[in-house]
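Heads up: the structure comes next, in structure tokens.
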Amino acid sequence: MPEGDTVYLTAARLRRALVGKTLVRSDFRVPRYATVDLVGERVEQVASYGKHLFIRTPRASIHTHLKMEGVWRTYCVGERWTRPRVTARVVLTTDDTEAVGFSLGTVQVLARAEEHTATDHLGPDLLGPNWDAAEAVRRLSRHSEQPIGLALLDQRNLAGIGNIYRSEICYLRRVHPATPVRAVPDLAALVDEAHRVLTRAATQPPWRPLVYGRQGRWPCPRCGTVITVRPLDSTTPASDRITQRERGIYFCPRCQPEPGTV
């Protein structure tokens with residue numbers, strides 16, 4: 001699933017392509033919004049909040065979430081699409097540009113005044129202008145017995161972290177992802193690390209992970225131990241390779257000893 005930096009960069013690309021331009025066509029290929037017509041509306045803003053993306057006109061806010069397979073692409077008008085047309089969920093066209101959302105997990109067309117309903121449940125946005133580290137620490141601390149690797153994924157605590165960055169953040173702080181929140185040595189420093197890592201990924205791409213996806217192929221950059229991956233949820237069978245890849249925790253057994261082993 002795309003993480004906060006991917007959505008942030010997607011918003012920046014759509015902003016360059018659409019802001020200040022008037023829509024000459026809008027096509028929402030989801031039943032609930034099939035009759036919505038935004039022709040004549042001027043695109044005022046494109047913004048992200050965590051993993052959520054918003055395209056705003058004076059009257060409406062188009063809220064989308066990429067989920068697992070979603071992606072936005074921009075084309076010159078008349079240019080051939082690079083994804084199957086049947087997977088298009090939103091098409092926004094100006095005089096010279098077509099923005100197409102393919103395989104989007106969530107599509108909503110909200111009144112501008114109602115946009116907040118899509119994000120009210122979320123914690124502070126790691127890449128937002130009003131990032132609040134203290135509030136993120138407070139929210140994480142409410143789940144003192146939960147493994148930090150699960151608490152970081154909960155968008156109600158802080159918004160923007162997925163499986164890649166939870167592994168990277170824990171590795172950089174030398175914390176095993178199964179460590180209960182209450183046992184993290186410096187929770188505020190870990191939150192600051194999260195902000196630093198995502199900011200760097202969003203503003204200085206490309207970014208190369210240190211542990212994610214590197215099991216059995218590259219050693220730990222610090223100590224040379226082979227990187228390990230396994231599901232954090234002990235109920236997931238080790239033979240479930242898809243879950244292990246998509247939701248597994250990546251860590252160095254030496255730099256990040258499991259709770260209770262030291």
Side-chain angles (χ1 to χ4, degrees), residues 1-16 45-54 63-68 70-72 105-106 118-119 121-141 143 146-177 179 181 184-214 221-222 227 229 232 246-252 255-256:
M1 180 183 292
E3 306 196 21
D5 62 319
T6 299
V7 181
Y8 180 92
L9 292 169
T10 296
R13 180 162 42 82
L14 289 173
R15 193 178 302 123
R16 292 190 295 268
Q45 300 171 352
V46 181
S48 63
Y49 192 109
K51 301 179 182 182
H52 299 255
L53 190 144
F54 300 90
H63 166 229
T64 61
H65 193 298
L66 304 181
K67 295 293 176 77
M68 292 301 297
V71 65
W72 277 94
T106 297
T119 58
H121 65 291
L122 300 176
D125 177 11
L126 279 153
L127 295 175
N130 298 318
W131 162 244
D132 188 339
E135 176 62 12
V137 170
R138 186 187 72 81
R139 290 181 178 230
L140 286 168
S141 298
H143 308 281
Q146 188 176 41
I148 187 63
L150 293 179
L152 287 173
L153 285 186
D154 190 335
Q155 303 300 295
R156 295 169 296 182
N157 293 329
L158 63 175
I161 294 176
N163 197 42
I164 296 174
Y165 291 117
R166 71 155 169 186
S167 293
E168 296 296 306
I169 293 159
C170 289
Y171 172 76
L172 288 166
R173 295 300 307 169
R174 297 177 180 260
V175 173
H176 192 282
T179 304
V181 171
V184 173
D186 189 339
L187 191 58
L190 185 141
V191 166
D192 287 342
E193 191 77 70
H195 183 242
R196 184 188 69 80
V197 168
L198 260 76
T199 298
R200 181 176 180 181
T203 59
Q204 302 176 41
W207 176 85
R208 180 182 176 185
L210 296 171
V211 291
Y212 181 84
R214 298 172 69 86
R222 281 193 294 243
I227 298 300
V229 59
L232 182 55
E246 295 179 351
R247 307 301 279 177
I249 51 171
Y250 295 78
F251 61 95
C252 171
C255 294
Q256 300 165 269

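When reading the values below, keep in mind they use all heavy atoms of this one structure, side chains included, and skip hydrogens, waters and symmetry mates.
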Is there a side chain to side chain contact (heavy atoms under 4.5 Å, CB included) between Leu66 and Val71 once you walk through the steps?
CA-CA 6 Å; Leu66 304 181; Val71 65; 5.5 Å; no
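When every heavy atom of Ala11 is checked against every heavy atom of Val46, the shortest pair comes out as O-CG1, 3.6 Å. The two residues Gly248 and Asn163 make their nearest non-hydrogen contact at O-ND2, 3.0 Å. Nearest heavy atom pair, residue Val181 against residue Ser141, reads CG1-CA, 4.3 Å. Taking each heavy atom of Phe251 and Ile249 in turn, the nearest pair found is CD2-O, 3.7 Å. Closest heavy-atom contact between Leu152 and Cys170: CD1-SG, 4.1 Å.
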Table please: side-chain donor-acceptor pairs of residues 122-138 below 3.5 Å, with sequence neighbours left out.
from	atom 1	to	atom 2	distance (Å)
Asp125	OD1	Gly50	N	3.1
Asp125	OD1	Leu127	N	3.1
Asp125	OD2	Gly128	N	3.3
Asp132	OD1	Ala134	N	3.2
Asp132	OD1	Glu135	N	3.0
Glu135	OE1	Arg138	NE	2.9
Glu135	OE2	Arg138	NH2	2.7
Glu135	OE2	Arg139	NE	2.8

Could you tabulate the donor-acceptor pairs under 3.5 Å formed by side-chain atoms of residues 199-211, not counting sequence neighbours?
from	atom 1	to	atom 2	distance (Å)
Thr199	OG1	His195	O	2.7
Thr203	OG1	Thr199	O	2.6

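Take Thr64 and apply the side-chain hydrogen bond (donor to acceptor under 3.5 Å, both in side chains) test, not counting sequence neighbours, and it matches Trp72. The salt bridge (charged side-chain N to carboxylate O under 4.0 Å, His left out) check on Glu3 picks up nothing, with sequence neighbours excluded. Looking at residues two or more places apart in sequence or on another chain, you find a side-chain hydrogen bond (donor to acceptor under 3.5 Å, both in side chains) between His63 and His52, Gln108. The salt bridge (charged side-chain N to carboxylate O under 4.0 Å, His left out) check on Arg196 picks up Glu193, with sequence neighbours excluded. The side-chain contact (heavy atoms from CB on, under 4.5 Å) test applied to Val184 returns Ile148, Val175, Thr179, Leu187, Leu190, not counting sequence neighbours. Remark: Gln155 engages no residue in a side-chain hydrogen bond (donor to acceptor under 3.5 Å, both in side chains) (not counting sequence neighbours).
Contacts classified as salt bridge (charged side-chain N to carboxylate O under 4.0 Å, His left out) and involving residues 5-15 (residues at least two apart or in different chains) are not found. Under the side-chain hydrogen bond (donor to acceptor under 3.5 Å, both in side chains) criterion, no residue pair touches residues 167-176, with sequence neighbours excluded. The stretch residues 150-160 participates, sequence neighbours left out, in these salt bridge (charged side-chain N to carboxylate O under 4.0 Å, His left out) pairs: Asp154-Arg156.
Put simply, the side chain of Thr10 does not reach to within 4.5 Å of the side chain of Pro2, judged on heavy atoms. Residues Ile164 and Tyr250 have side chains not in contact (no heavy-atom distance under 4.5 Å, counting atoms from C-beta outward). Residues Arg222 and Cys252 form no side-chain contact, since every pair of their non-hydrogen atoms from C-beta on lies 4.5 Å or further apart.
One finds the CG atom of Leu172 at 8.5 Å from the CD atom of Gln256 (value rounded to the nearest 0.5 Å).
Other residues, nucleotides and ligands contribute only 12 or fewer heavy atoms inside 6.0 Å of the OH atom of Tyr8.
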